[in-house]
Amino acid sequence: MDTRELLTQLEKLEYGLDSFSFTELKSSEASRLKKSFESFKIGLEEKVFGMPTGTVESENAAEDYDQVATESKLVANVSHEIRTPLNGIIGFLDLLKETPLSPHQNELVNAMDGASKNLLGLINQLLEFSSLASGQEKFERVPFNPGNLINEVAFLCKTLINGKSVTLLVNYDERIPKSLLGDPSKLSQVLLNLIGNAVKFVEEGEIKLEVNLKEEKSKRLFLEFIISDTGVGIANENLKHIFKSYKQAEPSTKLKYGGSGLGLSIVKEIIEKQQGCIAVSSTLGIGTTFKVVLPFEKVASVPEPSVLKDLEEDFDISQKAILVFEDDALTQRLMQNRLEQWGCKPYIAENEVYGLQLLKNHNIDLVLLDMHLPGSNGLEIVKRIRKHKEYANLPIIMLSGDAYSHKEDIFHDLGINDFILKPYNSDELREKIYANSQHVDRDDGHTASKNEHSAARTKPIDLDPLLQECLGKTELLDELVRLFEQNILEFIGKTKMYLQSGNLQGVGFAAHKIKSCLKMLHANRLIGICEAMILECRTTNDVEHLKGLFEDFVSEYPKIEKAMEEEIRRIKNEL
Amino acid sequence: MDKRKLLLAEDDQMLASLLKYRLERDGYEVVIEFDGKSVKENLEVAIPDIVISDIMMPYFSGIELVDYVRNQLNSDVPIILISAASNDENIVSAFEMGANDFIAKPVSPSELMVRVSREIKRHYCT
């Protein structure tokens with residue numbers, strides 16, 4: 001691998017450090033930073049190479065690396081030891097950022113920060129590899145929706161393709177159940193790695209992801225994933241090496257395509273640790289096909305609200321009065337916007353006392369409650385509400401970030417009707433509100449008109465105003481929509497990068513830019529998310545929350561894209 | 001009469017395409033630049049009849065552009081800025097620097113057409 005890559009990062013850091021004017025700064029953090037950095041570098045050289053960096057030459061080194069690779073324990077130890085001083089560097093950089101800096105210094109510090117975080121990423125990857133190799137890795141066993149996961153993966157891969165004329169086709173076997181037990185994050189890691197590789201090696205053509213239900217046994221079920229591309233292909237003699245750690249098919253590949261060369265060996269490890277298997281076949285100049293088979297467990301049949309999923313209008317929750325316990329101003333706004341978009345009447349309470357008052361004075365249909373309200377525990381509020389006989393049947397939905405807190409038996413005992421795991425997307429919220437508010441439906445007299453009303457309100461985009469500005473010229477509208485799609489992909493790519501490196505200013509700027517495009521299309525839901533992101537960047541700087549919002553954005557966007565196609569088709573038909 | 005020459009500095013290609021279409025249809029000769037550096041280079045070669053610039057531009061903001069045109073190039077060419085409505089302070093300092101007009105995002109092209117022709121009339125026809 002890539003000690004060379006590590007070294008490049010290191011050199012970048014060093015360069016940043018050299019051109020940084022410490023005399024001007026005269027801060028104690030600065031000198032400590034430099035010391036920490038130097039000891040880190042010396043430590044790294046000694047531990048990994050056992051000799052000064054300058055003399056490492058490719059051939060001997062390659063053998064050395066292989067030796068290191070096989071001793072995964074050593075790698076793990078070394079990585080840990082590298083991580084400690086590196087975390088120190090990152091910490092001091094943070095401190096340094098808080099001191100007054102000139103714009104130029106600021107730029108340099110940011111560059112160093114970026115390089116350090118890159119390096120940390122590489123080291124984490126190494127650690128992950130070594131912990132897999134030594135069998136420490138734990139796999140999750142949680143329910144997930146494989147269809148949604150594939151959609152998400154496909155969407156992310158589309159953003160990777162940006163700029164090349166490559167199409168990604170997905171063929172999904174509809175017989176696959178809506179819910180499975182397994183490790184969804186590891187599955188998406190595998191698929192992202194394999195498709196990501198394909199994207200790297202295909203200049204023009206097509207990548208296909210096929211997901212099949214291969215075999216069904218009593219409790220287990222095997223899914224087959226076939227990733228094929230029309231890329232450069234891999235020569236036979238190199239094919240057998242590609243799953244070996246630290247090796248890419250050809251030494252020259254690295255120069256062109258980069259990458260740490262760890263991806264495929266990690267993929268193989270992950271698959272085999274789950275009793276799955278992976279195979280590859282390839283023809284030079286024609287393309288490469290990876291086949292993965294992975295076992296999953298079936299979930300004992302759950303009452304399936306997801307059958308209704310296709311019928312959006314069926315989730316009519318307009319006119320519902322909903323009480324939201326939420327103390328975070330931003331989430332309050334987001335929640336209010338969402339609920340209003342769906343035609344609900346939201347009542348927002350910052351604290352328990354005010355909430356109970358609202359409950360008394362208004363005819364509330366449903367309560368949304370955050371588990372972790374500062375001051376009072378969400379569960380306490382539930383208890384207090386249930387004390388009153390008239391609220392015995394009031395539906396209460398709990399929101400929580402803790403995946404393990406929603407053991408069904410527990411929350412039923414506590415008087416909670418349902419549970420939403422954060423970060424959640426708006427569809428999920430809507431479905432849960434719908435599912436839980438049915439039995440308290442008071443009047444059915446106006447449902448028809450209500451339906452129409454909510455359909456108009458939740459229309460994801462409106463191209464008519466833009467068409468007017470285009471003076472009715474549909475080709476121009478078409479072109480603008482294509483440009484918009486590019487803008488969105490660029491936004492998603494950039495924001496992902498900024499979020500990873502913690503550059504919130506960058507996130508704010510990107511969100512700001514995309515907002516005006518969204519406004520041209522009247523994409524109201526996305527505008528709401530975007531505004532929340534901008535506000536977050538200006539105020540609390542909560543990266544985790546920002547990531548949640550961004551995920552909402554990413555999962556919401558495919559709907560917008562679909563709606564745009566439909567609108568354009570409609571407009572063209574009308575002419 | 002020759003066509004009026006218009007320089008449009010806008011890094012969002014979508015908005016730029018829409019505005020270009022509308023402006024050309026109204027008889028302007030439109031040059032688009034997507035970043036501040038190229039805007040500057042373009043102005044150094046020749047000053048157009050009117051400049052429209054987004055305030056938030058890579059490398060060279062709209063405000064810096066106004067300053068550059070007024071104080072370095074010593075030109076009084078009409079400048080209309082496009083700004084996100086929330087940047088009140090920016091707008092004030094842009095006017096102080098000598099911007100002629102501004103339009104808030106999201107830009108209504110029809111409104112911009114009116115503002116452009118008004119600036120042209122004010123500047124060249126009185």
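Below, all heavy atoms of this structure are taken into account, side chains as well, without hydrogens, waters or symmetry copies. Keep in mind that what you see is a predicted model, and the values were worked out from it rather than measured. In the text below, chain A, chain B and the rest are named by the order of the sequence lines, each starting its count at 1.
- Using modelled atom types and a 3.5 Å distance limit, the side chains of A:Asn503 and A:Asn110 yield no donor-acceptor pair.
- Side chain to side chain, B:Glu44 and B:Tyr68 meet the donor-acceptor criterion of an N or O pair below 3.5 Å.
- Of the atoms belonging to A:Lys515, not a single heavy atom falls under 4.5 Å from chain B.
- Contacts of A:Leu521 with chain B are made by side-chain atoms alone, with heavy-atom separations under 4.5 Å and no backbone atom involved.
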Requested in this report: With side chain to side chain donor-acceptor pair (under 3.5 Å) as the test, would you mind laying out the steps for A:Ser116 and A:Asp113 before giving the verdict?
Outcome: CA-CA 5 Å; A:Ser116 318; A:Asp113 197 37; 5.2 Å; no

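- Rounding to the nearest 0.5 angstrom, the gap separating the CD1 atom in B:Ile52 from the CD atom in B:Glu10 is 10.0 Å.
- Looking at A:Leu518, neither its backbone nor its side chain comes within 4.5 Å of chain B, counting heavy atoms on both sides.
- Looking at A:Leu476, the atoms closer than 4.5 Å to chain B (heavy atoms on both sides) all sit in the side chain, from C-beta outward.
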